[in-house]
Asker: 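Before I ask anything, let me first share the structure, which is written out below as structure tokens.
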Amino acid sequence: MKFIHAADIHLGSPFQGLRKISNDVREKVIASTGEAYNKLVQDAIDNSVDFVCIVGDLFDNPEPDLETLNIAISGMDKLNEAGIPVYLSYGNHDYLNFKIPSNIFPKNVKIFGNQVETKTQTLQDGMTVAITGFSYAKRAEVNARIDEYPVKNQDVDFQIGMLHGSMDGINSTEAHYAPFTQSQLISKNYDYWALGHIHKRQEINSKPIIAYSGNTQGRHVNESGVKGVNLVTIDSKEKATVNFLETDVIEWNSIEIKAVADMDLDKLMAAVLREIGDATQSKFQLINIILRDSNVLDSVVLDDISSGLALMQIQKQVDPNEILFHRITMKANENIQMFSELDREFWEKSENLVFNSKTVQETLGRLIELDFIAEEYSDEEEAALVKDRVELMLKQRNVLGDE
């Protein structure tokens, strides 16, 4: 038996933090989730899989536009023509609702309802497989649902669990939906657990394999590295093996450069070019430059970075069809002593309250009505950058660290 485990495709994702890139690159990035989905479909056909499991968040929101719906339907049609069933559950982004009617998909698409249910399929060799899962009925599925999953049916040869949720103990901003424990999954005696919701590919357990395939296309710098799907093979002895298939067409990455006191713009550019090397990129790279110890730089270089001149000059050194430098993030030396003990405690308690998009926008007041300012300070990533800049300024002025 061979199948594809995919999750978190997020068709129609608006993406974040794209204000400072060209329209051509913006269009390329926005189209990337659809292209990754199409690669998933082609991988399924090329590998002659028995079926495909999509474990939540096929769509980025519960009201996808017609173009996004058409991308999804087109892919399902191709799988239908190839005789490949699709087992689809909805997650917290695209939960069950009338804006995504089930009858838009061809007959090969089997959609799970809100109650945990099991669907069965007889394979070409006569063996049978049971696939168990459920769809979210609303965005917040905070209750555990794992107790509703039955123990493996002994009348089938294989059983697979599909679960869009988070395992207790996973350190992630996404880790608070449909919680479960590793021991709860193992107790069901399934042959493979196909997980979704966490966007980082990881194997939780090896026997049986319990795995997150991660998302199919990174959508921002915090979803860096290669993205794709799991091609799973389970033999007659119920032994599962996984091959990872890349589906992403754009790869988000970060490089770190350590600033030194005599670093000018030329030295900064040289350091960046050394870090990325001269190899031809296999896919388009969106790179964030993290400049550590920025507090040692003189005002001229800092002005070049703040004005965007440094980023523009660095970009000229590479092929724009292969690499786009997304931004330069300046970080002060973390080892510099923070205030006094009392002041440091106050800073740590207050920074999350102060440096968030809501507070930043409130501070801007009516200036937020200007389009270019609204675009600049509309998300949490920009609020975090404001925090970094404040720390940098304070450390440069020796407010942090002279004690």
Side-chain angles (χ1 to χ4, degrees), residues 4 6-19 21-45 51-114 133-141 162 164 196-197 199 213 215-220 223 227-229 247-250 284 286 371 374-375 378-379:
I4 278 181
D8 301 289
I9 296 167
H10 288 277
L11 292 176
S13 175
F15 288 85
Q16 299 295 325
L18 300 182
R19 293 173 298 282
I21 64 177
S22 69
N23 288 334
D24 287 346
V25 175
R26 186 190 305 272
E27 290 175 5
K28 183 182 297 188
V29 173
I30 290 175
S32 64
T33 53
E35 291 186 37
Y37 170 70
N38 290 334
K39 289 184 72 174
L40 179 166
V41 168
Q42 193 59 51
D43 283 340
I45 295 170
F51 54 90
V52 172
C53 293
I54 299 179
V55 193
D57 291 354
L58 170 62
F59 299 103
D60 189 65
N61 67 77
E63 298 185 16
D65 59 31
L66 289 176
E67 182 180 356
T68 300
L69 285 171
N70 186 56
I71 292 171
I73 295 167
S74 177
M76 299 301 185
D77 281 338
K78 290 179 181 177
L79 291 171
N80 189 39
E81 292 169 4
I84 298 174
V86 177
Y87 295 91
L88 171 65
S89 64
Y90 291 118
N92 56 300
H93 277 260
D94 57 358
Y95 50 88
L96 290 165
N97 73 98
F98 71 94
K99 294 290 186 178
I100 312 175
S102 58
N103 60 6
I104 63 174
F105 293 121
K107 63 182 180 180
N108 65 319
V109 181
K110 322 295 182 181
I111 299 175
F112 288 92
N114 179 239
F134 76 96
S135 290
Y136 284 37
K138 54 187 178 181
R139 182 174 293 279
E141 181 64 77
M162 292 173 55
H164 189 86
H197 184 56
H199 290 185
S213 60
N215 52 342
T216 52
Q217 171 60 60
R219 298 175 303 142
H220 50 73
E223 294 180 353
K227 302 292 182 177
V229 300
T247 57
D248 57 346
V249 294
I250 292 175
F284 188 76
L286 270 166
D371 288 344
E375 286 188 14
S378 61
D379 58 49

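Excluded from the calculations below are hydrogen atoms, water molecules and symmetry mates; all remaining heavy atoms, backbone and side chain alike, are included.
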Asker: Report yes if the side chains of Q217 and S13 come closer than 4.5 Å at any heavy-atom pair, otherwise no.
Answerer: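 The answer is no; the side chains never approach within 4.5 Å.
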
Asker: Nearest heavy-atom pair of A44 and V52: which atoms, and what distance?
Answerer: CB-CG2, 3.8 Å

Asker: Drop me the distance from Y90's OH to F59's CZ, to the nearest 0.5 angstrom.
Answerer: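 Atom-to-atom, Y90:OH and F59:CZ are 5.5 Å apart.
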
Asker: How far does CG of D94 sit from CG of N97, to the nearest 0.5 angstrom?
Answerer: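 Rounded to the nearest 0.5 Å, the CG-CG separation comes to 8.5 Å.
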
Asker: In the structure I gave you, are the side-chain heavy atoms of Y95 and I100 within less than 4.5 Å of one another anywhere?
Answerer: no

Asker: Nearest 0.5 Å, what's the CD1-NZ distance between I54 and K110?
Answerer: 14.0 Å

Asker: Tell me if a side-chain donor or acceptor on T247 pairs with a main-chain N or O of L40 at a distance below 3.5 Å.
Answerer: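 No, the answer is negative, given that no donor and acceptor are paired below the 3.5 Å cut-off.
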
Asker: Quick check for you: to the nearest 0.5 Å, what is the distance between D57 atom CG and I9 atom CD1?
Answerer: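 So the gap between those two atoms works out to 9.5 Å.
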
Asker: By the definition side-chain hydrogen bond (donor to acceptor under 3.5 Å, both in side chains), identify the one residue from N215, D60, T216 that meets it with H10.
Answerer: D60

Asker: Please confirm whether the backbone N or O of H199 pairs with a side-chain atom of E223, one donor and one acceptor, at under 3.5 Å?
Answerer: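 The answer is no, because no donor-acceptor pair under 3.5 Å joins these two groups.
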
Asker: If every non-hydrogen atom of K39 is compared with every non-hydrogen atom of V249, which pair is closest and at what distance?
Answerer: CD-CG1, 3.9 Å

Asker: Assess, by modelled atom type and distance only, whether the side chains of N92 and H164 contain a donor and an acceptor separated by less than 3.5 Å.
Answerer: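 H164 and N92 do have a side-chain donor-acceptor pair below 3.5 Å.
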
Asker: Between S89 and S135, which heavy-atom pair has the shortest distance, and what is it?
Answerer: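 Minimum heavy-atom separation between S89 and S135: CA-OG, 3.4 Å.
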
Asker: Run N61 and K99 through side-chain contact (heavy atoms from CB on, under 4.5 Å) and show every step you take.
Answerer: CA-CA 10 Å; N61 67 77; K99 294 290 186 178; over 6 Å; no

Asker: Counting only N and O atoms by type, is there a donor-acceptor contact under 3.5 Å from the side chain of Q42 to the main-chain atoms of N38?
Answerer: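 No, because the side chain of Q42 does not come within donor-acceptor range (under 3.5 Å) of the backbone of N38.
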
Asker: Mind checking the OH-OG spacing from Y37 to S32? Nearest 0.5 Å is all I need.
Answerer: 15.5 Å

Asker: Just verifying a value: how many Å separate D8 CG and S213 OG, rounded to the nearest 0.5 Å?
Answerer: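 With rounding to 0.5 Å, CG (D8) is 7.0 Å from OG (S213).
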
Asker: If you look only at distance, which donor and acceptor atoms sit under 3.5 Å apart when one is on a side chain in residues 67-88 and the other is two or more places apart or in another chain?
Answerer:
| from | atom 1 | to | atom 2 | distance (Å) |
| --- | --- | --- | --- | --- |
| T68 | OG1 | D65 | OD1 | 2.7 |
| Y87 | OH | Q121 | OE1 | 2.7 |

Asker: When you compare the side chain of P64 with that of L11, does any pair of heavy atoms fall below 4.5 Å?
Answerer: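 No; the side chains remain at least 4.5 Å from each other.
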
